[in-house]
Asks: 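My structure is below; once you've seen it, I'll send some questions.
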Number of protein chains: 4
Amino acid sequence: MSHNSFGQLFRFTTWGESHGPAIGVVVDGGPPGLPLSAEAIQRDLDRRKPGQPRFTTQRREEDAVRILSGTFEDERDGVVKTTGTPISLLIENTDQRSKDYSDIKDKFRPGHADFTYQQKYGIRDYKGSGRASARETAARVAAGAVARLVIPSVRIRASLVQMGPHRIDYGRFDWKQVDQNPFFCADPVMASQWEGYLDGIRKDGNSVGAVIEVVAEGVPPGWGAPIYGKLSADLAAAMMSINAVKGVEIGDGMQAASLTGTENADEMRAGNNGPQFLSNRAGGILGGISNGDPVVVRFAVKPTSSIITPRRSVTTANEDTEVLTKGRHDPCVGIRAVPIGEAMMAVVLADHFLRHRGQTGRDGGVGF
Amino acid sequence: MSHNSFGQLFRFTTWGESHGPAIGVVVDGGPPGLPLSAEAIQRDLDRRKPGQPRFTTQRREEDAVRILSGTFEDERDGVVKTTGTPISLLIENTDQRSKDYSDIKDKFRPGHADFTYQQKYGIRDYKGSGRASARETAARVAAGAVARLVIPSVRIRASLVQMGPHRIDYGRFDWKQVDQNPFFCADPVMASQWEGYLDGIRKDGNSVGAVIEVVAEGVPPGWGAPIYGKLSADLAAAMMSINAVKGVEIGDGMQAASLTGTENADEMRAGNNGPQFLSNRAGGILGGISNGDPVVVRFAVKPTSSIITPRRSVTTANEDTEVLTKGRHDPCVGIRAVPIGEAMMAVVLADHFLRHRGQTGRDGGVGF
Amino acid sequence: MSHNSFGQLFRFTTWGESHGPAIGVVVDGGPPGLPLSAEAIQRDLDRRKPGQPRFTTQRREEDAVRILSGTFEDERDGVVKTTGTPISLLIENTDQRSKDYSDIKDKFRPGHADFTYQQKYGIRDYKGSGRASARETAARVAAGAVARLVIPSVRIRASLVQMGPHRIDYGRFDWKQVDQNPFFCADPVMASQWEGYLDGIRKDGNSVGAVIEVVAEGVPPGWGAPIYGKLSADLAAAMMSINAVKGVEIGDGMQAASLTGTENADEMRAGNNGPQFLSNRAGGILGGISNGDPVVVRFAVKPTSSIITPRRSVTTANEDTEVLTKGRHDPCVGIRAVPIGEAMMAVVLADHFLRHRGQTGRDGGVGF
Amino acid sequence: MSHNSFGQLFRFTTWGESHGPAIGVVVDGGPPGLPLSAEAIQRDLDRRKPGQPRFTTQRREEDAVRILSGTFEDERDGVVKTTGTPISLLIENTDQRSKDYSDIKDKFRPGHADFTYQQKYGIRDYKGSGRASARETAARVAAGAVARLVIPSVRIRASLVQMGPHRIDYGRFDWKQVDQNPFFCADPVMASQWEGYLDGIRKDGNSVGAVIEVVAEGVPPGWGAPIYGKLSADLAAAMMSINAVKGVEIGDGMQAASLTGTENADEMRAGNNGPQFLSNRAGGILGGISNGDPVVVRFAVKPTSSIITPRRSVTTANEDTEVLTKGRHDPCVGIRAVPIGEAMMAVVLADHFLRHRGQTGRDGGVGF
């Protein structure tokens, strides 16, 4: 992972600015023979797409993906499949309203990457935040859709589990609820409470943070590797690379610090197909390698810095000023981060599956 | 970062098992002309070394480092310096007591990597946990000592800030206290409370988790890069790759989820040398790029799974059993993780400094 | 270099099949602030473009490049410049004649990658050879055009120096001639002889190989690195990665085997700005590091396997057959490899420049 | 490949200077369960070792390798095997005669890396050429010995095929002869002629170049990948990274330029297990992917620049001087390059085998 590329064997490279002609991703190194259609990618993209009334930005991004390379119709069955060569996916930017950027151009938004891009590069595309825009995450979601095909026996789902200070009750956790509310929330009671809360945030011209939990079921033991090839480390990097993420947890996460060794140990009993863990505080990863239990990752998204409440700031000429960001912005960008978190889980697992298969010649563990 | 190697330009590779003849690290890609002595590395190693009465394992590791390559005496000033070629550092294992490993060999310790190594590889070095031993972290600390030389204007310090449920009071935070107690704790009051607490844990044959905070001051704006080259993502991977780490936070970390946009924005005022941030909720990183403020990272270490309280487990033949781990073990491995966290901060920053210099030709930001 | 990506700091990824909707390249990691226009890239592309009467394929590729990301107008001077973020370049495929592919689909062309793609992937895009088409090299040339901007003080030129058995006379070597004949040949006498020779080859329905020499002047001492970071090794990989290349030489190349040590030594004399080499058998590289002399690389391109003379082959069902390749093909693909070789020289040097600057903080050597 | 590391999945990192305490290599990413003993590595090392009377340097390197990590006794069969963790191999330097280095220290040897190391780094280990010494190749050979275990069905052999201007007669080529003469030469007649020739070179205080041919049999179709993952490109980089190599050829190599398409096409006939090639001009690689035929690589080694015949040179203070290199040097370093070439073939193939298995789940091609 470096530059704008992610992954070692299953690797993708994203490009494009928010207000340029298009964004895209090149997905490379995936296995040949996977059935791939624009429709499958589109389904995932549509989940991330803004445009839900009230709770996400009113920008109307079509996010229509085109497959420009890397697939071919298998004449034996008429199915379009991956060929093992790079898959180029392109999404045109269709809703770039011309607007007055003079404010953003000359002022740094507190909490935003404006300042650091300017310092690093000396030049920056300030339109719609350029490369720092969350628009890049559409490319991640597209890559994630391909990754899911690489590991079809793994089921990846995610839920918003905290918005501002309001956490879900895990006793009410029900995956089926996730698509029943505008928050991708597995707790229906909390979801309905969030509606009013977020309305208030939006009306105040403010924004709020969130926590997303991503769970991958069906990961066999053995994916990942010791030391700097840890599945947990790559997941941490993957999630931390998403815009606005400030914290990542595996299993018990930061709470593991509060535990004693007797509490933390996931005890085991003999099962029909080998040892079974009686709990999953580890989040499915021990020593950086999957243990067969669900892989559980959480990450915290800070509130967007683009708010219409004025904040003290400085101009590019280093003069005191105030700044507020007009325009269409999500009051809780964490909502849209739910499918993004799923995508990042998918790409990390797909990569580690291929790496594990390369090194050992097996798809999973040695078994019992 | 993959395999047993870390970093892109400043890169190191560690090797060695706990009970083999030696462990070591090869540090590659660093600048030539840095004054490097075994003594400088040894100082950092000694801070990590076990052997403090009561609170860390009684294993007596000499951890004497030897420089096997990559340095040469500069005859102009008589100083031994790096030559730009790989620096091989070797630490012999001198305190491997022969013992009965039959218990560990045939049983999986709950919460330990025994199970996953066995599943992944079908063969594992069970003596002293082999490659999964925290002994590998000595190699990280050695690499970190070299990394510090690459970025001499950056000051990296760390403190234990939580042990079990007991957090420090940041109002008492004083860096000078860190070396005045056996916990590397910046809060002297909490440090003295931890003494009794940890004594109890140890006497119970138990262990406990911890949180470490690492702070790097003097990082100029501009290090890091957007998207998959984010400084924050590499720090997350670096910290998550340390044994037993389950959570990583930058700046406000998981708490950022609870904030509103107005709270989260680090406001700015014009300063003599450019904009000044009035707060540092961002932990010194915006959009994956350093903003000139201290880089602040926290990570949570779970309690060691090697405890002398019996836990339910399974044998390698998949039969129910109980396991307890005799031997010399730290009741709180988080203590020793303090210098390790510093080392990982150093290697990430050294790498990003070189990468930034390569791309831009500058050491830091464009300035004002 | 792996997958479809090349380079470590200056890195690009190409994608696209010959008969898909488009091909493209994402150029990543280059410095910000470089003036970049589609016109500059187009100039290089036009040199590679087929369509010269008789000697290259009659396919009419427009090769019109579009810049989709990574640039922004610097309002201080009105110049569009690179921003340090990924530059996505797209070239649409506009001349894909629909034709009968049944022959190519079911038969392996001897000397072609048909067979190996089929064996590796089990599925292949046989239209226009898919990913194995020389069309991919347009993406390299586009990347090379960006790379040239990274190292503006380096002058890169190339000449065809051998076609079939006919080599140029270096006594007549004149760079100014390269653009005066359809062969990019620095020897005008040989160029005129090749005309008749190649006409004969073409009329015979045959093809012929060639050797290209690429020279980079203005490379300072110090680029490259020892062992596996050798400039020579990366150049060898770069050139060998071009379609149909079977041999690569640096300086004296294979002829170095015939020399004695006294002959091979490039002797030195003191010059005004440090030592001067009296000869350049080394091709500007010693120990994998540039020595300040012109970097000289040659590579051999085999004749294209797509010829209209029938050859014995086998069907995909493993039955004996004969195959000949109708369509528009270059009798000497080596001609178009001249600008491609320049591009690969440019990308390698740009990458090593950034790597050297990252490690040492200098643009070149320490000087005298 | 970059820095001092080679390979993507099967990866190794070498370190150490000629006159330091030791050299070594860390081999990472190889499969677990391979039987590995120091003896197996030693056999390959002994073939590379100098000390043969007259024709190689009189330095007496013991080259005794120690395995410091990465293996464990499998108690099921009592065999020591790789565990999938990094294998650290160490070779002590035992024959470093103290000598007067003042000449080498202050003068640049023409044709040697002295000058470029000095320019790049500003400091260099001039003792025994430091990192630029051919001693590093012992580490390659050790890595190659491990790589051979990864691909046990592949047979890799090499022969010296040219010394100075004298080439072997392929009509007399007999692999069994390779270990019957001091030149690793498959042509016994030529080998006996070389004896007198090389004696003359040595007595003249001169040196001479050579060409080595490496052949890998048993490589299945499908290893390698298109574009920048080409097997041929990685082989070119691998061979070009060996000290003193100036040219690399695959199959017909530079001669491919002289061929017509009809000559170059390796025709095919249906065989019992799929298509058979009737010739192997391709050297076993088409489109960067192995085709099942023997992989054939040749590389040219220039004569060593360390000769006792004086050459014009310059001091480090940029003053004219003469230089000659006393000491024990090979008159034809190409001889020792034979096992090194085998080792580099082995590491490239091992890496591509794992990469292919990772991407496709197969060991070779899809078959017929």
Side-chain angles (χ1 to χ4, degrees), chain C residues 1-4 6 110-111 113 116 119-120 122 131-132 162 165 206-207 209 211 221-222 226-230 232-233 236-237 240-241 246-247 249-250 253-254 256-262 264-265 267-268 270 275 286-287 289 291 300 302-303 307 309 311-314 318 320 365-366 368, chain D residues 1-4 6 8 110-111 113 116 119-120 122 131-132 162 165 206-207 209 211 221-222 226-230 232-233 236-237 240-241 246-247 249-250 253-254 256-258 260-262 264-265 267-268 270 275 286-287 289 291 300 302-303 307 309 311-314 318 320 365-366 368:
Chain C
M1 175 173 144
S2 76
H3 293 55
N4 292 272
F6 189 93
T116 53
Q119 279 296 303
K120 183 175 188 72
R131 189 70 180 147
Q162 181 180 337
N206 213 337
S207 62
V211 175
I227 317 297
Y228 310 113
K230 283 182 173 163
S232 42
M240 196 66 95
S241 78
K246 302 302 281 187
E249 303 186 312
I250 310 283
M254 300 304 292
S258 304
L259 302 175
T260 62
T262 47
N264 177 69
E267 294 184 294
M268 305 162 86
L286 289 170
I289 302 168
N291 68 6
K302 69 178 185 182
I307 51 178
T309 306
R311 298 279 89 190
R312 286 177 290 174
S313 184
V314 171
N318 193 28
D320 283 351
V366 295
F368 280 85
Chain D
M1 177 172 143
S2 76
H3 292 57
N4 293 271
F6 189 94
Q8 188 176 2
T116 52
Q119 278 298 302
K120 183 175 187 72
R131 188 69 181 147
Q162 181 179 338
N206 212 337
S207 62
V211 175
I227 317 298
Y228 310 112
K230 283 182 173 165
S232 41
M240 197 65 96
S241 78
K246 301 303 282 187
E249 302 186 314
I250 310 283
M254 300 304 291
S258 304
T260 62
T262 48
N264 177 68
E267 294 184 294
M268 305 162 86
L286 289 170
I289 302 170
N291 68 6
K302 70 177 184 183
I307 52 178
T309 306
R311 297 279 89 188
R312 286 178 290 172
S313 184
V314 170
N318 193 28
D320 284 350
V366 294
F368 280 86

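Here is the naming used below: chain letters follow the sequence lines, and residue numbers restart at 1 for every chain.
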Asks: Any idea which of Ser241(D), Gly261(D), Pro110(D), Ala257(D) has the most non-hydrogen atom pairs under 4.5 angstrom with chain C?
Replies: Ala257(D)

Asks: If you count heavy-atom pairs within less than 4.5 Å of chain C, which of Asn264(D), Asn291(D), Ile250(D), Ile227(D) leads?
Replies: Ile227(D)

Asks: Can you list everything that forms a side chain to side chain donor-acceptor pair (under 3.5 Å) with Lys302(C)? Sequence neighbours excluded, please.
Replies: none

Asks: So which atom in Glu267(C) and which in Arg312(D) form the shortest heavy-atom distance, rounded to 0.1 Å?
Replies: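 Closest approach of Glu267(C) to Arg312(D): OE2-N, 2.7 Å.
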
Asks: Among Ala256(D), Gly247(D), Ser258(D), Gly222(D), which residue has the highest count of heavy-atom pairs closer than 4.5 Å to chain C?
Replies: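 Option with the greatest count: Ser258(D).
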
Asks: At a heavy-atom distance under 4.5 Å, which candidate from Lys230(C), Arg311(C), Met1(C) has the highest pair count against chain D?
Replies: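 Option with the greatest count: Arg311(C).
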
Asks: Can you tell which of Gln8(D), Met240(D), Arg131(D), Gln162(D) has the highest number of heavy-atom pairs within less than 4.5 Å of chain C?
Replies: Met240(D)

Asks: Would you check if Pro303(D) and Thr260(C) make a side-chain contact, meaning some heavy-atom pair closer than 4.5 Å?
Replies: no

Asks: What's the spacing between Leu286(C) CG and Lys120(D) NZ if we round to 0.5 Å?
Replies: 13.5 Å

Asks: For each of Asn4(C), Val211(C), Thr309(C), tally heavy-atom pairs with chain D at distances under 4.5 Å, and name the one with the top tally.
Replies: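 Between Asn4(C), Val211(C), Thr309(C), the count favours Asn4(C).
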
Asks: Just give me the residue among Gly229(C), Gly122(C), Gly253(C) that pairs up with chain D most often, heavy atom to heavy atom, under 4.5 Å.
Replies: Gly253(C)

Asks: If you tally heavy-atom pairs under 4.5 Å against chain D, which of Ala265(C), Gly111(C), Ala113(C), Ala233(C) wins?
Replies: Ala233(C)

Asks: Do Lys246(D) and Ser232(C) come within less than 4.5 Å of each other through their side chains, counting heavy atoms only?
Replies: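 In short, these two side chains do not touch, never coming nearer than 4.5 Å.
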
Asks: Residues two or more places apart in sequence or in another chain: which of them pass side chain to side chain donor-acceptor pair (under 3.5 Å) with Gln119(D)?
Replies: none

Asks: Name the member of Pro221(C), Ala300(C), Gly287(C) that forms the most heavy-atom pairs with chain D at distances under 4.5 Å.
Replies: Ala300(C)

Asks: Among Gly365(D), Ala237(D), Ala270(D), which residue has the highest count of heavy-atom pairs closer than 4.5 Å to chain C?
Replies: Ala270(D)

Asks: With a 4.5 angstrom heavy-atom cut-off, could you sort out which part of Ile307(C) is near chain D: side chain, backbone, both or neither?
Replies: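 Contact with chain D is through the side chain of Ile307(C) alone.
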
Asks: Please rank Ala132(C), Ala236(C), Pro275(C) by heavy-atom pairs under 4.5 Å with chain D and give me the top one.
Replies: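 Option with the top pair count is Pro275(C).
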
